[in-house]
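Notes follow the structure.
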Amino acid sequence: METISKNSEIKNLLKNGTAVHSSSFIFLFKKNNLNKPRFVFIASKKFSKKAVDRNRAKRLLREAIRQNYKAISNIPVDIALIAKKSILKKKSHQVAKELKQILEKVFGNQNEKSTDFIY
RNA sequence: GUAGCUUCCUAAUGUGGUACAGGGAUUUAUUCCCUGAGGAAAGUCCGGACUCCGUAGGGUAAGGAACUGCCGAAAGGCAGGUGGGGGUAACCUCACGGACAGGGCAGCAGAGAGUAGACCGCUGAUUUUACCUGGCAUCAAAAGUAGGUGGAAACACCGAAAAGUCAGGAGAAUCAGCAAGGGUGAAACGGUGGGGUAAGAGCCCACCAGCAUAGCUGGUGACAGCUAUGGCUAGGCAACCCCUUCCUGGAGCAAUCCCAAGUAGGAGGGCGUUAAAGGUGACCCGCCUUAGCCCUCGGGUAGGGAGCUGAGAUAAAUGCCACUUAAUACAGAAUCCGGCUUAUUGGGAAGCUACGGUU
RNA sequence: GCCCCCGUCGUCUAGCCAGGCCUAGGACACCGGCCUUUCACGCCGGCGACACGGGUUCGAAUCCCGUCGGGGGCA
């Protein structure tokens, strides 16, 4: 999976992306010009003072994406996942399940051809 | 055996899947191999390396350090010394130059809080008292007073008693001496005993504590022990200012250096020359302001690289699911080292202490 | 990551450097009472804090050390 590397692109995504809230994270997405998805995982210092907590939150989100990567591997979209505090109490499979529900809600069935309606 | 003290070690180079980062080999669909968080990586409390700014000498200011020895680049560590505090003990813990250089502080209480002080108290002298005890005297004085009688009144007559003196004691006042005792306080200018004295006091003496000086012994040293002599006693706070000795230039890898789009602007040169742009204005004239285009130059933004690593990223890698086990907690590298401090689980090692039992 | 600053009632603050008068003052808020037909204003009274743990000192909100929490700057 590919991450977004430029600071300006991330700021653009955070400013103009569409947000979907879940209990343990915020899902932000925006169409890009590539033919594959890109990701960014965010856990700020405000989220937790401890570096361990921030690292764990980002790993949980990355693991959730990895488990659901097949479903969105062809969709050209930039995705930001912003951690919420409650994610630290959850197991990895719970987070993956939450992400799966959101992906189905936003992008529909991955076999469906037209994803344009969401934009 | 139970309870405890001290000093340490260890974080599966675990197994099987499946992902991630860096490197290497092979190939250019790839596949394989190696390496990949900590004892605190943390707090950023110290010190150093490194880099830039400064010219770094001297002085001032500011900050820091301060018993001894060893190690160390320094912080700091280890061992020891002296003096406090805690624990039955093993042991733990705190402090460490100077208060005769100077300034400052000490509420309340208390007589007095700094070369201080006299409240109660102790002592002497003088004065005094209708006090007490004892001796002496029973004269004088008190007194012709109190009181009584007579009288209308003036007045006349009768007519006491205590308070005496000396000595001692007691009380009071004044003056002086004292600092032993009481009491206040966190703290009041050595302790005990004897002599001494009007009463007392290092006033004198003995012993003890402590101080200074000298000597000897032990120790590398801080210091300890012993002996002699001296003078009789010296208060607390420098984590208040301060004094003495020593140390410190400032900033920090988001430091710093290199490469370097686009846009705007700067400098130089050329072209252009009364056109153009902007403002005023509903519009025109008019008025005001400024430029335009091209080339070159360096500075420099986004971005990239170096700094940067036998972990070494730059939106930032160690994850997830099972298994075995005592293996969980605290917790995650961003320039690197050395410390300090704080957080913390399970297992293990060595030495030691107290209590109980057995031999 | 590196470097600074600050913690006092519910809130904003005074006191801190220069220790004792601090059982910590003031304003707003809150509670009760008075005033008013009632509310507001006003008056009176009450409740309420030195971030935490050690140390220095006779004595600490104040001085020293260590934790915890909050805020800011630097590309």
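Every chain is numbered from 1 and lettered A, B, ... according to where its sequence line falls, protein lines coming before strand lines.
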Validation: residues 77-87 of chain A side-chain donor-acceptor distances under 3.5 Å, sequence neighbours left out:
from: A/Asp78; atom 1: OD1; to: A/Asn32; atom 2: ND2; distance (Å): 2.8
from: A/Asp78; atom 1: OD1; to: A/Arg38; atom 2: NE; distance (Å): 3.1
from: A/Asp78; atom 1: OD2; to: A/Arg38; atom 2: NH2; distance (Å): 3.2
from: A/Lys84; atom 1: NZ; to: A/Ser22; atom 2: O; distance (Å): 2.9
from: A/Ser86; atom 1: OG; to: A/Ser23; atom 2: O; distance (Å): 2.6

**Request:** Only counting residues at least two apart or in another chain, list the ones meeting side-chain hydrogen bond (donor to acceptor under 3.5 Å, both in side chains) with A/Glu63.
**Result:** A/Arg66, A/Gln67
**Request:** Can you tell me the distance, in whole Å, between the CZ atom of A/Arg66 and the C1' atom of B/A317?
**Result:** 15 Å
**Item:** Whole-Å distance separating the CD1 atom of A/Ile87 from the C1' atom of B/G319
**Value:** 13 Å
**Asked** When you check the phosphate oxygens OP1 and OP2 of B/G319, does a side-chain N or O of A/Ser92 lie under 4.0 Å from one of them?
**Response** no
**Watson-Crick or G-U wobble mate for C/U57, both contacts under 3.5 Å** = none
**Request:** Kindly write out the residues that satisfy salt bridge (Lys or Arg N to Asp or Glu O under 4.0 Å) with A/Lys90, not counting sequence neighbours, or none if the list is empty.
**Result:** A/Glu98
**Asked** Which is the 5'-most and which the 3'-most nucleotide of RNA chain C that has an atom under 4.0 Å from a heavy atom of chain A?
**Response** C/G1 to C/G70
Would you list the protein and nucleotides 327-334 of chain B atom pairs, both N or O, that sit under 3.5 Å from each other?
from: B/A331; atom 1: OP1; to: A/Lys50; atom 2: NZ; distance (Å): 3.2
from: B/A331; atom 1: OP2; to: A/Lys50; atom 2: NZ; distance (Å): 3.2
from: B/G332; atom 1: OP2; to: A/Val52; atom 2: N; distance (Å): 3.2
from: B/G332; atom 1: O2'; to: A/Asn55; atom 2: ND2; distance (Å): 3.4
from: B/G332; atom 1: N7; to: A/Arg59; atom 2: NH1; distance (Å): 3.2
from: B/G332; atom 1: O6; to: A/Arg59; atom 2: NH1; distance (Å): 3.3

What pairs of donor and acceptor atoms, side-chain ones from residues 53-61 of chain A against any protein atom, are under 3.5 angstrom apart with sequence neighbours left out?
from: A/Asp53; atom 1: OD2; to: A/Ser48; atom 2: OG; distance (Å): 3.0
from: A/Arg54; atom 1: NH1; to: A/Ser48; atom 2: O; distance (Å): 3.0
from: A/Arg54; atom 1: NH1; to: A/Lys49; atom 2: O; distance (Å): 3.2

**Asked** According to the Watson-Crick and G-U wobble definitions, with both distances under 3.5 Å, which nucleotide is paired to B/A214?
**Response** B/U227
**Item:** Euclidean distance, atom OH of residue A/Tyr69 to atom C1' of B/C320 [Å, nearest integer]
**Value:** 18 Å
**Request:** Please measure how far the P atom in B/A212 lies from the corresponding atom in B/G236, and state the result in whole Å.
**Result:** 14 Å
**Prompt:** When you measure from the side chain of A/Glu63, which nucleotide among B/A317, B/C320, B/U18 comes out closest?
**Reply:** B/C320
**Asked** Counting only Watson-Crick or G-U wobble pairs whose two distances fall under 3.5 Å, which nucleotide matches B/C50?
**Response** B/G252
**Assigned partner base of B/G300, Watson-Crick or wobble definition, under 3.5 Å** = none
**Complete:** Re B/U197: Watson-Crick or G-U wobble partner, both distances kept under 3.5 Å, found to be none
